[in-house]
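Just follow the structure's listing: the first ligand is 1, and inside any ligand the first atom is 1. Nothing here was measured: the structure is a model prediction, and the numbers come from that model.
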Amino acid sequence: MSRKALIAANWKMYKTPAEAKAFVDAFLPLVAGHTRDEIALFPSPVLLPTVIAAAKGSNVSVGCQNIHFAEEGAYTGETSIGQLKAVGGTHTLIGHSERRQYFAETDEIVNKKLHTALKHGIGPVVCIGEVLAEREAGLTADVLKTQIAGAFAGITPEAAGPIVIAYEPVWAIGTGKTATPEMAADAHRIIRAEVAKLLGADVAVAIRILYGGSVKPDNATSLIGQEEIDGALVGGASLKPDSFTAIVKY
Ligand code: PGA
């Protein structure tokens, strides 16, 4: 089964509206007509209207880096799924390691956010991955299984279609250290087997598993070229149109 790759840009807390618009204006002509892969941009919430307007009618989707699980309420500083939809966003990252590390997001919170995204037709990219100490202790498989079981609690095979998983070993994020293509593919096989156990073989075969963690133009081909790797979630190298284009066109 061939899965269409998704190449996604996680801009984190970078760019002003003017910089974001300049990126999209430069980027769209570079990827015009590129249909082999899906392309998505994940800017900060304050940039969403600008980026969505600039990308309108193109082959580039736009989503949030984080949403709250509640539909609305007294949650100072948060963004709701209704707000994301109202400005035309179609996707959201969930459980990025920086959210887990700095904002205490647990598997339980990730699970609630996943239910909210699916209920409202927003495409979720669920991020999982081990920290260095866990890898060194030989715990990678256990950590990934626990994160998947936690994230997917109560999700039915029928509802799982839109879910994308991003495997991002935390020790590879922003460090310039990448998992080797073999290490990443091994982790992806563990993840796919666990999805099969929880949601059945059909969901497991179809679900896209992205790799993230220091993906750059010069390693994109060897990583995304792996049968098991269905695209990339790119941080640092997604901030410039040229380098992100080189990854999109790996
Ligand atoms: P990086 O970030 O490409 O800068 O390592 C990836 C991510 O955090 O999604």
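For ligand 1, one of its N or O atoms has an N or O atom of E168 under 3.5 Å away. At a 3.5 angstrom cut-off on N or O pairs, G212 does not count as close to ligand 1.
Ring geometry for F23 against W11 counts as perpendicular: the plane angle is over 60°, on a 0 to 90° scale with 30° as the lower cut.
Given atom 3 (O) of ligand 1, the protein heavy atom at minimum distance is G235 N, 2.8 Å. When only non-hydrogen protein atoms are considered, atom 4 (O) of ligand 1 lies nearest to G236 N, 2.9 Å.
Every atom of ligand 1 is numbered from 1 in the order shown, and the set under 4.0 Å from a heavy atom of A172 is 5 (O). Below 4.0 Å from some heavy atom of G174 lie the following atoms of ligand 1, by number and element: 1 (P), 4 (O), 5 (O). Contact atoms of ligand 1 toward G213: 5 (O) (distance under 4.0 Å to a heavy atom of the residue). Every atom of ligand 1 is numbered from 1 in the order shown, and the set under 4.0 Å from a heavy atom of H96 is 7 (C), 8 (O), 9 (O). Against a heavy-atom cut-off of under 4.0 Å, S214 is close to the following atoms of ligand 1: 1 (P), 3 (O), 5 (O). Within ligand 1, counting atoms from 1 as listed, the ones closer than 4.0 Å to a heavy atom of K12 are 2 (O), 7 (C), 8 (O).
Residues I229 and I209 form no side-chain contact, since every pair of their non-hydrogen atoms from C-beta on lies 4.5 Å or further apart. Side chains of T178 and Y211 form a contact here, defined as non-hydrogen atoms less than 4.5 Å apart.
Of all the heavy atoms of S238, none lies under 4.0 Å from any atom of ligand 1, so neither backbone nor side chain is involved. At a 4.0 Å heavy-atom cut-off, ligand 1 touches I173 through backbone and side chain alike.
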Could you give me the CA-CA distance, side-chain angles and deciding distance for Q101 and H96, then say whether side-chain hydrogen bond (donor to acceptor under 3.5 Å, both in side chains) is met?
-> CA-CA 9 Å; Q101 204 178 338; H96 187 278; over 6 Å; no
Dump the intermediate steps for side-chain hydrogen bond (donor to acceptor under 3.5 Å, both in side chains) on Y167 and Q147, then the final yes or no.
-> CA-CA 11 Å; Y167 168 61; Q147 288 176 335; over 6 Å; no
Full working for side-chain hydrogen bond (donor to acceptor under 3.5 Å, both in side chains) between H188 and Q226 = CA-CA 10 Å; H188 284 216; Q226 295 281 317; over 6 Å; no
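Around atom NZ of K216, more than 12 heavy atoms belonging to other residues, nucleotides or ligands sit under 6.0 Å away.
Listed for the R99 side chain is no donor-acceptor partner under 3.5 Å among the backbone atoms of V110.
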